[in-house]
Amino acid sequence: MVELNGFGKPCPQPLVMVKKQIDAGETDVSIKVDNETAVKNITRLAGKKGLGFTVADIEGGFLITIGGQVDPGASAPAAAVACSTTGGGCGYSVFIGKDHVGEGDGQLGYNLMKMALYTLNQAEVAPMNLLFMNSGVKLLCGEEAQIIDSVKEMMEKGTDVLVCGTCLNFYECADDLKVGEVSNMYDILERMHESAKVITL
């Protein structure tokens, strides 16, 4: 059993620490972390790799223990399962790094972003992933029903929605997140890498 200590380490360092061990062939790994975002990120990685895991409360945080094989598709993200059977990437991802489209009038840019998300939802083929970073995360924390509904409907069609946790904390809106999964730089870049095409809005 490899024992790691992720206390005090910013996202996504605890995740990278665990992934390095798994990539090196270790299947029995434990790590102490001090935040729930790290728990979500690491357990999602374990599921994607087909490994079982447990999470226990400890003083100051959580102990995640990874070990034992499970059905590789049982808890892997939908996009990961789809990509595992194809080469050269699959589907397309949409990266949203701001809360508006283009530069110029702010309200116009916001309305264009709202229209873009609606149009993506109406497309014949939904994106594999919607990836939100920087001020783009604020779109999922606001009160604009059309934006929230468009994203929710894409999720129902199989789209994975990853939202940068660091960005949510920076803008102090983590508690207002209405849709999507809190994620990290590592996972967001990995989804880009897995995609045949990435569209940036």
Exercise for the section: Go through the steps to decide whether Thr27 and Ile66 satisfy the test side-chain contact (heavy atoms from CB on, under 4.5 Å), and finish with yes or no. Expected result: CA-CA 7 Å; Thr27 56; Ile66 297 172; over 6 Å; no
Practice task
Any chance you could lay out the side-chain contact (heavy atoms from CB on, under 4.5 Å) test for Leu112 and His100, step after step, and finish with the verdict?
Solution key: CA-CA 7 Å; Leu112 290 172; His100 58 279; over 6 Å; no
Exercise for the section: Let me see the working for Tyr110 and Leu139 under side-chain contact (heavy atoms from CB on, under 4.5 Å), right down to the final yes or no. Expected result: CA-CA 9 Å; Tyr110 179 80; Leu139 294 165; 3.8 Å; yes
Practice task
Give a yes or no on whether Val125 and Leu130 share a hydrophobic cluster (residues Ile, Leu, Val, Met, Phe, Trp, Tyr; joining criterion: side-chain heavy atoms under 4.5 Å apart).
Solution key: yes
Exercise for the section: Taking all non-hydrogen atoms of both residues into account, name the closest pair between Val182 and Asn41 and its distance. Expected result: O-OD1, 4.0 Å
Exercise for the section: Inspect the contact between Glu190 and Lys48 and indicate whether a charged nitrogen and a carboxylate oxygen are less than 4.0 angstrom apart. Expected result: yes
Exercise for the section: Side-chain contact test, heavy atoms from C-beta onward, threshold under 4.5 Å: evaluate it for Leu140 versus Val161 and give yes or no. Expected result: yes
Exercise for the section: For the pair Leu168 and Leu177, evaluate side-chain contact (heavy atoms from CB on, under 4.5 Å) and give the outcome as yes or no after the intermediate values. Expected result: CA-CA 8 Å; Leu168 288 168; Leu177 183 65; 4.1 Å; yes
Exercise for the section: Mark yes or no for whether Asn169, through its side chain, and Gly165, through its backbone, hold a donor-acceptor pair below 3.5 Å. Expected result: yes
Handout entry: Side-chain (Ser93) to main-chain (Ser195) donor-acceptor, under 3.5 angstrom
Key = no
Problem - Spatial distance of atom CD1 (Ile31) from atom CZ (Phe62) [nearest 0.5 Å] - result: 13.0 Å
Problem - Minimum side-chain heavy-atom gap Ile64-Thr54 below 4.5 Å - result: no
Practice task
To the nearest 0.5 angstrom, please state how far the OG atom of Ser135 sits from the CZ atom of Phe170.
Solution key: 10.0 Å
Handout entry: From Thr65 atom OG1 to Glu3 atom CD, the distance as rounded to the nearest 0.5 Å
Key = 9.0 Å
Practice task
With the side chain counted from C-beta on, respond yes when Lys49 and Asp23 share a heavy-atom pair under 4.5 Å apart, and no when they do not.
Solution key: yes
Exercise for the section: Report yes or no: do Ser150 and Asn121 form a side-chain donor-acceptor pair below 3.5 Å? Expected result: no
Fill in the blank from the handout: Interatomic distance, CD@Glu103 vs CG@Leu108, rounded to 0.5 Å, equals 11.0 Å
Fill in the blank from the handout: Heavy-atom closest pair (Pro14 atom, Gly6 atom, distance to 0.1 Å) is CG-O, 4.1 Å
Exercise for the section: Establish, from distance only, whether the side-chain atoms of Asn134 and Tyr171 form a donor-acceptor pair under 3.5 Å. Expected result: yes
Problem - Gln146 atom CD: more than 12 heavy-atom contacts under 6.0 Å - result: yes
Problem - Close side-chain approach of Val163 and Ser183, heavy atoms under 4.5 Å - result: no
Completion exercise
Separation between CG (Leu4) and NZ (Lys20), nearest 0.5 Å, reads 11.0 Å
Exercise for the section: Answer whether the closest heavy-atom distance between the side chains of Met17 and Lys9 falls below 4.5 Å. Expected result: yes
Handout entry: Student check: side-chain heavy atoms of Met113 and Ile96 closer than 4.5 Å
Key = yes
Practice task
Decide yes or no for Asp28 and Val2: does some side-chain heavy atom of the first lie under 4.5 Å from some side-chain heavy atom of the second?
Solution key: no
Handout entry: Salt-bridge contact Glu143-Lys178 (side-chain N to carboxylate O under 4.0 Å)
Key = yes
Exercise for the section: Report, as yes or no, whether the 6.0 Å neighbourhood of atom NZ on Lys157 holds more than 12 heavy atoms from other residues, nucleotides or ligands. Expected result: yes
Handout entry: For the student: nearest non-hydrogen atoms of Tyr92 and Ile199, plus distance
Key = CD1-CD1, 3.9 Å
Practice task
Kindly determine whether Glu172 and Lys138 satisfy salt bridge (Lys or Arg N to Asp or Glu O under 4.0 Å), including the steps that lead there.
Solution key: CA-CA 10 Å; Glu172 300 181 347; Lys138 295 192 287 186; over 6 Å; no
Problem - Cluster companions of Leu189 among Ile, Leu, Val, Met, Phe, Trp, Tyr (side-chain spacing under 4.5 Å) - result: Phe95, Leu131, Met133, Leu162, Met185, Ile188, Met192, Val198
Fill in the blank from the handout: The remaining residues in the hydrophobic cluster of Leu63, counting side-chain heavy-atom contacts under 4.5 Å among Ile, Leu, Val, Met, Phe, Trp and Tyr, are Phe7, Ile58
Practice task
Identify whether the distance between the nearest side-chain nitrogen and carboxylate oxygen of Glu181 and Arg44 falls below 4.0 Å.
Solution key: yes
Practice task
For Asp175, look at atom CG and say whether over 12 heavy atoms of other residues, nucleotides or ligands are found less than 6.0 Å away.
Solution key: no
Exercise for the section: Would you check if the side chain of Asp34 reaches a backbone N or O of Gly8 as a donor-acceptor pair within less than 3.5 Å? Expected result: yes
Practice task
Would you mind reporting whether Leu51 and Ile22 have side-chain heavy atoms less than 4.5 Å apart?
Solution key: yes
Exercise for the section: Using modelled atom types only, decide if a donor and an acceptor are shared between the side chain of Thr159 and the backbone of Pro127 within a distance under 3.5 Å. Expected result: yes
Exercise for the section: Verify the cluster assignment for Tyr118 and Val179: are they in a single hydrophobic cluster under the rule of side-chain heavy atoms below 4.5 Å apart? Expected result: no
Exercise for the section: Mind jotting down which residue pairs meet the salt bridge (charged side-chain N to carboxylate O under 4.0 Å, His left out) criterion with at least one end in residues 104-114? Sequence neighbours excluded, please. Expected result: Lys114-Glu144
